[in-house]
Amino acid sequence: MADNPKDDLSQLIKRLGAFLSFKISYLSRDLDSRSVGAIAGLAFAIVFTWRLLRSPSEPQRRQPKRQGATASSSGVSNSETVNASSSGVSNPSEDSRTQNVIDEFFQPTKPTLGQIVRQRLSEGRKVTCRLLGVILEEGTPEELQKQATVRSSVLEVLLEITKFCDLYLMERVLDDESEKKVLVALEDAGVFTSGGLVKDKVLFCSTETGRTSFVRQLEPDWHIDSNPEITTQLARFIKYQLHISTVKLERPASNVFTAASLEQFFGCA
């Protein structure tokens with residue numbers, strides 16, 4: 001039987017490595033450090049290549065010998081199983097389960113709504129927000145004289161904001177009855193039960209200028225509004241603003257964001 005070419009190559013590389021090692025030790029007295037380093041590097045590369053060529057052949061020598069042709073069918077089957085195991089052949093079902101575990105481990109975790117709120121608000125700690133058209137279904141003070149209805153789709157986001165932000169709600173109303181309707185609607189919706197918002201932080205005024213003054217006095221990190229005039233006026237005083245409208249502002253300031261709704265801004269719609 002012919003010699004294995006890999007064995008011949010391994011022997012040749014091994015001898016060459018020994019020869020170079022001898023030459024390095026003998027000539028090191030006459031060569032400068034750069035030449036010695038080059039020769040040593042070549043020797044290291046050759047030895048490393050030899051070890052790589054040598055490693056695949058070792059498991060083959062550890063394989064059990066095949067049984068003779070006279071072995072029973074069960075014996076042949078056992079021998080093939082042993083050979084498959086020793087040669088490193090893996091079970092497809094085990095590989096599939098392993099891959100599933102790896103995929104599940106490295107699969108990105110979906111952020112919670114609370115994490116999204118914190119990220120979108122850039123960790124802002126104080127937020128002011130108007131009620132009409134944002135928190136309430138009604139869009140004008142005149143409608144509040146009849147009823148006040150909290151938008152169910154915004155409730156979850158609102159509660160998340162109250163968990164880590166100092167939130168103030170504000171609105172212009174025409175009479176005291178409107179104030180009562182708003183407070184009752186917020187209370188019935190459970191806004192005050194979370195502990196993050198109290199009735200004292202729901203502010204009312206009789207003019208839009210009064211609402212603008214509220215915002216400037218509180219100096220929030222974020223102000224949320226649906227009135228384009230107020231959003232434009234406050235752009236130079238407030239760090240960030242969110243304008244709630246289906247129509248985008250013309251030439252908005254760089255610190256003003258626009259969304260069709262509060263929940264849409266946080267990816268809940």
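Sequential numbering from 1 along the given sequence is applied to the chain's residues.
- Salt bridge annotation for E143-K146: absent, with no cationic side-chain nitrogen under 4.0 angstrom from a carboxylate oxygen.
- In the hydrophobic clustering of this structure, Y168 does not group with L158; members are Ile, Leu, Val, Met, Phe, Trp, Tyr whose side-chain heavy atoms approach within less than 4.5 Å, directly or through other members.
- The cationic group of R120 lies under 6.0 Å from the six-membered ring centre of F265 and within 45° of the ring axis, placing it in a cation-pi geometry.
- Under the side-chain hydrogen bond (donor to acceptor under 3.5 Å, both in side chains) rule, T149 has a single partner from K181, E137, E138, which is E138.
- Nearest heavy-atom pair, I135 versus V154, reported as atom, atom and distance to 0.1 Å: O-CG1, 4.0 Å.
- Using a 4.5 Å heavy-atom threshold, the side chains of F266 and I161 count as touching.
- Within the 4.5 Å cutoff, the side chain of V202 has heavy atoms near those of the L183 side chain.
- For the pair T112 and E160, the minimum side-chain heavy-atom distance is 4.5 Å or more.
- Under a hydrophobic clustering in which Ile, Leu, Val, Met, Phe, Trp and Tyr are joined whenever their side-chain heavy atoms come within less than 4.5 Å, directly or via other members, L203 and L234 fall into the same cluster.
- Residues D225 and Q241 have side chains that never bring a donor and an acceptor to within less than 3.5 angstrom of each other.
- A donor-acceptor contact under 3.5 angstrom links the side chains of T231 and H243, judged on distance only.
- Under the 3.5 Å distance criterion, with hydrogens and angles disregarded, a donor-acceptor pair is assigned to the side chains of S226 and R130.
- A 4.5 Å side-chain heavy-atom check between S178 and E171 finds every atom pair outside the cut-off.
- Ion pairing between R118 and E123 fails under the 4.0 Å rule for side-chain N and carboxylate O.
- No continuous path of hydrophobic side-chain contacts links V215 to V127 [ILVMFWY only; heavy atoms under 4.5 Å].
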Does the side-chain hydrogen bond (donor to acceptor under 3.5 Å, both in side chains) test come out yes or no for E263 and S153, once each step is laid out?
-> CA-CA 7 Å; E263 58 269 31; S153 58; 2.6 Å; yes
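- Across all their heavy atoms, C129 and V134 have their closest contact at SG-CG1, 3.6 Å.
- The two residues A235 and V256 have their closest heavy-atom pair at CB-CG2, 4.2 Å.
- In this structure, D221 and I238 have side chains that are not in contact, with every pair of non-hydrogen atoms separated by 4.5 Å or more.
- The shortest distance between side-chain heavy atoms of L249 and P228 falls below 4.5 Å.
- In this structure the side chain of T128 reaches within 4.5 angstrom of the side chain of M170, judged on heavy atoms.
- For the residue pair T232 and E229, no side-chain donor N or O sits within less than 3.5 Å of a side-chain acceptor on the partner.
- Taking 4.5 Å as the limit, some side-chain heavy atom of F164 sits within range of a side-chain heavy atom of R125.
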